[in-house]
A.B. asks: 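Below you'll find the structure I mean.
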Amino acid sequence: MIQVLSPEIANQIAAGEVVERPASVVKELVENAIDAGATHIEVRIHGGGTELIQVADNGSGMSEDDAIKCFLRHATSKITSIEDLFSIQSFGFRGEALAAISSVSDFEIITKTQTDPGLSLKVDAGRITEKTPSSANRGTTISVRQLFHNTPARLGYLKTDETEYRQVLKEVQAFALSRPDISFQLFKEDKCTLDLPKADQPFIRVKQILKTDQGELVPLEGQNQTTQITGFVSSPGNYSANKNHQYIFVNGRKIEDHRLAYAAREAYVQSCGIEKHLYPLFVLFIQIDPIMVDVNVHPRKLEVKFSDPGEMFGLVKSSVIQAVQISNNKYQRSDSPLSRGTSHNVGQGVSQAPKFSSAQVHKFNQQLFDQPSFRDRNFGRNTNSQVPECSSFQVENQPGGLIFLAQVDQKYIIATNPKGDLFIFEQHALHERQRFDRFMEEYENKAITVQPLLIPEEIKLSDDELSLIGEYQKDIEALGFEFKKTPPNKGEESQSDSGGLILIAVPQLLQNTDFTQIFQDFIEYFQNHEVGENIIERLLRKRLEYKACRGSVMFGDSLTPEEGQQLLNDVEKSRWRDLCPHGRPHHVQFNAEEIGKWFHR
Ligand code: ADP
Ligand code: MG
């Protein structure tokens, strides 16, 4: 027998979609506070949110009429027609949150507008049980007690109080990031755990929440006809082991979009490099014409749908690449305001590396090793109580740049510069970066040399694979491959031979590689191709990384001083001076001042 469910049960069922855990209640209540124009918001949590969630704001407040209606289902002041959805400026529009929350908790509203007298309402299972006048200030305080007391199954899904609290914290932090103009406070069992006064600059808020220093994040800006992106992203090499510090906001709304997060990370893969297990930090504010985005595709509005996801992907990626590049350029200029802290920095003066004759280098090393030993100098033998100058090598004539001192354990190059900074380079990573940049430059300058193969190479492919390759033939040829497709050979044998292609010429850059493997890689990429991705470039990049790695000085190769110096001279030529193509750092630096401090000088 079919029955129409009572409104209470219907609300409780609907609550399952909106209210998953205390953090989702906090999200809905803070959204309402922001929609009401609040400039200060306080969130209080007891027992991980199961005892009490309270959100107090100094926003517009509600009249008595509105307060009585606000927890009814589909009661909203924010839209009146479906068209409104496509020009929506507020967080809310479904009119569901308060109905849902009040159906699964003991619910109380205290509210007051500028002009009306204040009132307090208690609501139980959608019915008002108590209405009293209140002498509150303008604004609204909503208290949610005993969450899920009447839906025990939900309670069972909750994690520990601490975990639930941490989710609440993350939620509040996300709001705070997007609204630096609002002050936020979070209390846990009456103890203030987050206190964010209003910030004049978005970066101040970002710094408060991501706990990063200037230089670890760099500003970002990008736009096209319909969209503007601003925000902050990791500078090269400042990555995290998890994705906890990645925020994307679309028209102020925090969203989860793994494709856009992927696009942002790809920007690092394809510029300065990032290790496989690391993730960039980013806070992206996307402002987009509301008509270009559907916010009504997820009950908790965690996801949105862009009318052109590929375009969005490309814009995020290119904006991040640009931000990272600008930071790299600034950072390579010695007067960079963004130049980084002390211990990871090829800074001042590297830009004009000196050219040493091998005789000079040799002489320098002689002098270094002829010095009295550290012990001799410091403990007695030397009558002069002052420690002598370490070296008489004439560096003053050198305009700046890195000077090879020694190789350690056939792995690391120790270097200095005229300022007396000390550098330790990882020789393989350094060489790999230099080779890779050279290959990339050749490719970008389209200085691609096509090398005909002496013996054309046959690559067997299935029909599907062959047609995929056919689809992308132009792109593949642009890389410097020439090939002919061979149709399947339906011979006399019972089993017909599958088709494939005959490779006639290959890009010189990729000489001596396994071409069957390359074409297999092509196919794999074409099959799972990422939206907005230039697969061919990505693939070429991977190949070049591999090639750069294979031909480089190895970890464990011994170097002559001349070879070592040559590697250092080439540092200035590499585009990304910090990281190897895979994103590992290739050197550390100790600034002269810092070294002085070690010895209390
Ligand atoms: P929605 O936000 O989708 O409109 P809600 O159920 O969250 O739906 O809220 C219902 C209505 O209650 C809102 O449209 C708004 O008019 C009113 N309201 C809720 N919270 C507040 C608040 N903190 N201050 C002022 N008005 C509020
Ligand atoms: Mg709402």
Side-chain angles (χ1 to χ4, degrees), residues 7 10-12 14-20 23-44 53-82 84-105 107-123 125-126 128 134 136-144 147 171-172 174-175 178-179 182-185 251-254 290 295-302 304:
N11 277 341
Q12 284 178 11
E17 287 188 345
V18 183
V19 191
E20 188 196 19
S24 29
V25 174
V26 169
K27 174 172 185 282
E28 295 295 338
L29 298 182
V30 174
E31 283 188 354
N32 283 344
I34 296 177
D35 283 346
T39 58
H40 179 72
I41 298 174
E42 268 176 47
V43 180
R44 290 172 184 272
I53 300 167
Q54 188 180 72
V55 175
D57 68 58
N58 63 352
S60 64
M62 282 178 269
S63 66
E64 185 171 334
D65 264 7
D66 281 354
I68 288 169
K69 272 190 279 184
C70 73
F71 51 84
L72 299 178
R73 194 132 184 242
H74 308 304
T76 179
S77 57
K78 298 168 192 172
I79 61 169
T80 52
S81 73
I82 192 71
D84 290 351
L85 255 192
F86 295 95
S87 56
I88 192 101
Q89 303 289 335
S90 59
F91 282 115
F93 54 80
R94 292 170 163 252
E96 275 183 339
L98 296 190
I101 296 166
S102 64
S103 76
V104 291
S105 67
F107 187 84
E108 184 188 11
I109 303 178
I110 299 170
T111 189
K112 186 187 175 317
T113 65
Q114 189 73 40
T115 46
D116 299 358
L119 78 153
S120 154
L121 290 181
K122 285 197 171 143
V123 181
I128 297 173
S134 152
N137 291 330
R138 196 195 81 169
T140 304
T141 299
I142 292 185
S143 306
V144 175
L147 182 67
E171 210 62 68
V172 176
F175 281 112
S178 73
R179 293 300 298 267
I182 298 177
S183 56
F184 288 88
Q185 281 183 312
N251 295 346
R253 204 184 287 283
K254 187 186 130 203
V295 290
N296 191 27
V297 293
H298 189 283
R300 272 173 287 137
K301 310 186 207 92
L302 294 180
V304 299

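Atoms within a ligand are numbered from 1 in the order they appear, just like the ligands themselves.
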A.B. asks: What atoms of ligand 1 come closer than 4.0 angstrom to any heavy atom of E96?
C.D. replies: 6 (O), 8 (O)
A.B. asks: Polar-atom distance check: T76 versus ligand 1, any N or O pair below 3.5 Å?
C.D. replies: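 Indeed, backbone or side chain, T76 has an N or O that close.
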A.B. asks: Please identify which atoms of ligand 1 are closer than 4.0 Å to at least one heavy atom of A97.
C.D. replies: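 Taking each heavy atom of A97 in turn, ligand 1 has 6 (O), 7 (O) under 4.0 Å.
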A.B. asks: Only heavy atoms of S77, strictly under 4.0 Å: list the atoms of ligand 1 that pass.
C.D. replies: 13 (C), 14 (O), 15 (C), 16 (O)
A.B. asks: Nearest protein heavy-atom contact for atom 6 (O) of ligand 1: which residue, which atom, what distance?
C.D. replies: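 It is L98 N, 2.9 Å.
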A.B. asks: Do me a favour and list the nearest non-hydrogen protein atom to atom 23 (N) of ligand 1 with residue, atom name and distance?
C.D. replies: D57 OD2, 2.9 Å
A.B. asks: List in chain and number order the residues that pass ring pair (Phe, Tyr, Trp, His ring centres under 6.0 Å) with F107, two or more places apart in sequence or in another chain; answer none if no residue qualifies.
C.D. replies: none
A.B. asks: With heavy-atom distances below 4.0 Å as the criterion, list the atoms of ligand 1 near R94.
C.D. replies: 3 (O)
A.B. asks: Would you say that K78 contacts F91 through its side chain, given a criterion of any heavy-atom pair below 4.5 Å between the two side chains?
C.D. replies: no
A.B. asks: Between N296 and R94, is any pair of side-chain heavy atoms under 4.5 Å apart?
C.D. replies: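 SC-SC contact between N296 and R94 confirmed.
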A.B. asks: Do the non-hydrogen side-chain atoms of R73 and N11 ever get within less than 4.5 Å of each other?
C.D. replies: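 Answer yes - side chains close enough.
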A.B. asks: Give me the residue, atom name and distance of the protein heavy atom closest to atom 22 (C) of ligand 1.
C.D. replies: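 Nearest neighbour among protein heavy atoms for atom 22 (C) of ligand 1, to 0.1 Å: T140 OG1, 3.8 Å.
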A.B. asks: Shortest non-hydrogen contact from V18 to S24?
C.D. replies: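 Heavy atoms only, the tightest pair is O-CB, 3.5 Å.
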A.B. asks: Please confirm if an N, O or S atom belonging to N32, backbone or side chain, lies less than 2.8 Å from the Mg ion (ligand 2).
C.D. replies: yes
A.B. asks: Pairs of nitrogen or oxygen atoms closer than 3.5 Å, one from G95 and one from ligand 1: do any exist?
C.D. replies: yes
A.B. asks: What residue and atom, counting heavy atoms only, is the protein's closest point to atom 26 (N) of ligand 1, and at what distance?
C.D. replies: M62 CG, 3.4 Å
A.B. asks: Can an N or O of G92 be found at a distance shorter than 3.5 Å from an N or O of ligand 1?
C.D. replies: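 N/O-N/O distance under 3.5 Å: no.
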A.B. asks: Which of the numbered atoms in ligand 1 are below 4.0 angstrom from a heavy atom of F93?
C.D. replies: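 Answer for ligand 1: 1 (P), 3 (O).
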A.B. asks: Let me know which of D57, V26, L29 forms a side-chain contact (heavy atoms from CB on, under 4.5 Å) with V43.
C.D. replies: V26
A.B. asks: How far apart are the closest heavy atoms of R138 and T113, and which atoms are they?
C.D. replies: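 Looking at all heavy atoms of both residues, the shortest contact is CG-C, 3.7 Å.
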A.B. asks: Would you mind listing which atoms of ligand 1 come within a distance below 4.0 Å of any non-hydrogen atom of C70?
C.D. replies: 10 (C), 12 (O)
A.B. asks: How many angstroms lie between OG in S63 and CG in L119, if you round to the nearest 0.5 Å?
C.D. replies: 8.5 Å
A.B. asks: Go through ligand 1 atom by atom and flag the ones less than 4.0 Å from a non-hydrogen atom of A36.
C.D. replies: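 Matching atoms, with element in brackets: 24 (N), 25 (C).
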A.B. asks: What protein heavy atom sits nearest atom 2 (O) of ligand 1, and how far off is it?
C.D. replies: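 So the nearest neighbour among protein heavy atoms is K78 NZ, 2.7 Å.
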A.B. asks: How about E42 and Q54: do any of their side-chain heavy atoms sit closer than 4.5 Å?
C.D. replies: no
A.B. asks: Side-chain contact test, heavy atoms from C-beta onward, threshold under 4.5 Å: evaluate it for V123 versus I109 and give yes or no.
C.D. replies: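 In short, these two side chains do not touch, never coming nearer than 4.5 Å.
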A.B. asks: Any nitrogen or oxygen of N32, main chain or side chain, under 3.5 Å from a nitrogen or oxygen of ligand 1?
C.D. replies: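 N/O-N/O distance under 3.5 Å: yes.
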A.B. asks: Mind listing the closest non-hydrogen atom pair of R179 and F184 along with its distance?
C.D. replies: O-CE1, 3.8 Å
A.B. asks: Which ligand 1 atoms does A75 reach within 4.0 Å, using its non-hydrogen atoms?
C.D. replies: 10 (C), 11 (C)
A.B. asks: For D35, is at least one N or O under 3.5 Å away from an N or O on ligand 1?
C.D. replies: no
A.B. asks: Mind listing the closest non-hydrogen atom pair of A136 and I110 along with its distance?
C.D. replies: CB-CG2, 3.7 Å
